[in-house]
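This chain uses plain numbering: 1 for the first residue, then up along the sequence. As a basis for the values below, the full set of heavy atoms in this structure was taken, side chains included, without hydrogen atoms, waters or symmetry mates. Counting convention: from 1, in listed order, for ligands and their atoms alike.
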Amino acid sequence: MKHAVRHDEAADIRSLLRKISSELQAASSTARLDAEVLVMLACGLDRSGLIKQDHLVPTGDQRRRLDELLARRKQGEPIAYITGVREFWSMELMVSPAVLIPRPETELLVEKALACIPPGAPWTIADLGTGSGAIALAIAAERPHCRVLATDRSPAALDVARANAAKFGLSNIEFRAGDWNAPLAGEALDMVLSNPPYIRSDDPHLQEGDVRFEPQAALDAGADGLEAMRHIARHARQHLKPGGGLWLEHGGDQAGAVRDLLNAHGYRAIVCHRDPAGHERVTGCRA
Ligand code: GLN
């Protein structure tokens, strides 16, 4: 913060943080953290700078920038869209409103799938509806001998995912435009992964808070919240080798319905795992 001057206690960073976090209480459940992120972004500070220089007063430009960012957050715009990044699997992924913001529960899907992929095995693995590329990138990074095929129907989402793969120098991912499995004709897969939309269209959650800013196509899964899951369960089989794994993230109250669906399509060895909040969140099975 080169241009910051040292005066006017009420306008120093420490006081600003207090003021902003109280202003954000209504819009955010993480008001203090959001305030810190916005101040860091507006003033070009990293976390240690924020702590060490909290006696400084931002310049006029920095204040104006901060006011703009604050107004966006007060409207409910997610912090990840404001900063343009979100951490997933220890990677700072680029995100935009074209993609769902990666969530910690999806790391559980990655963790459980990885446990089934022998290191060094040259598997072909698909991530259906890749969005930011979060799942595909984590798998490609952890299993460099695997070839990962990442699909998405949204070209704008694929641009984000491609940029993320380039950012981490991952060359073992191929991106393909199209619905779910549609761009995978002729591929024999060892594993299929997906975090499809799984929220019911009438769920008020879709109209609340940060989620309003995310692509509805990545969240809304029709009247029963299982439309995408049903499609994937039906079609993944056409591409999976016998014994190949299918791993799905789903809603905390959908484990039974997902199990029934997978059973109905002839999958076996169905297992379900709980997320850190105790919700049954990730189901795996074999073709
Ligand atoms: N877990 C997300 C949410 O509740 C939904 C993610 C999804 O639909 N795939 O906002």
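Between Ser132 and Val95, the shortest heavy-atom contact is CB-CG1, 4.4 Å.
Any N or O atom pair closer than 3.5 Å counts here, and Arg281 shares no such pair with ligand 1. In terms of polar-atom proximity, Ile199 is not counted as a contact of ligand 1, lacking any N or O under 3.5 Å from an N or O of the ligand.
Residue-level proximity to ligand 1 for Ala221 is absent, since no heavy atom of it falls below 4.0 angstrom.
By the 4.0 Å heavy-atom criterion, Glu214 is excluded from the residues contacting ligand 1. Taking 4.0 Å as the cut-off, Gly251 does not count as a neighbour of ligand 1 on heavy-atom distance.
Given atom 4 (O) of ligand 1, the protein heavy atom at minimum distance is His205 NE2, 3.2 Å. Looking only at heavy atoms of the protein, atom 2 (C) of ligand 1 is closest to Arg103 NE, 3.2 Å. Of the protein's non-hydrogen atoms, Tyr198 OH, 2.9 Å is the one closest to atom 1 (N) of ligand 1.
A distance of 12.0 Å separates NZ of Lys241 from CE of Met191, quoted to the nearest 0.5 Å.
The pair Arg212-Glu214 fails the salt-bridge criterion, with no side-chain N (NZ, NE, NH1 or NH2) lying under 4.0 Å from an Asp/Glu carboxylate O. The pair Arg86-Glu92 does not count as a salt bridge, with every side-chain nitrogen at least 4.0 angstrom from each carboxylate oxygen. Taking 4.0 Å as the cut-off between side-chain N and carboxylate O, Glu227 and Arg200 do not count as a salt-bridged pair. Salt bridge present: Lys19 and Glu23 bring a charged side-chain N and a carboxylate O closer than 4.0 Å.
Per-residue contacts place Glu105 under 4.0 angstrom from the following atoms of ligand 1 (heavy atoms of the residue considered): 1 (N). Close approach of ligand 1 to Ala218 (heavy-atom distance below 4.0 Å) involves ligand atoms 7 (C), 8 (O), 9 (N). Within ligand 1, counting atoms from 1 as listed, the ones closer than 4.0 Å to a heavy atom of Pro196 are 7 (C), 8 (O), 9 (N).
The side-chain tip of Arg286 does not point at the ring of Tyr267 from less than 6.0 angstrom away and within 45° of straight on.
Using a 30° and 60° split on the angle between ring planes, His231 and Trp180 fall in the tilted class, from 30° to 60°.
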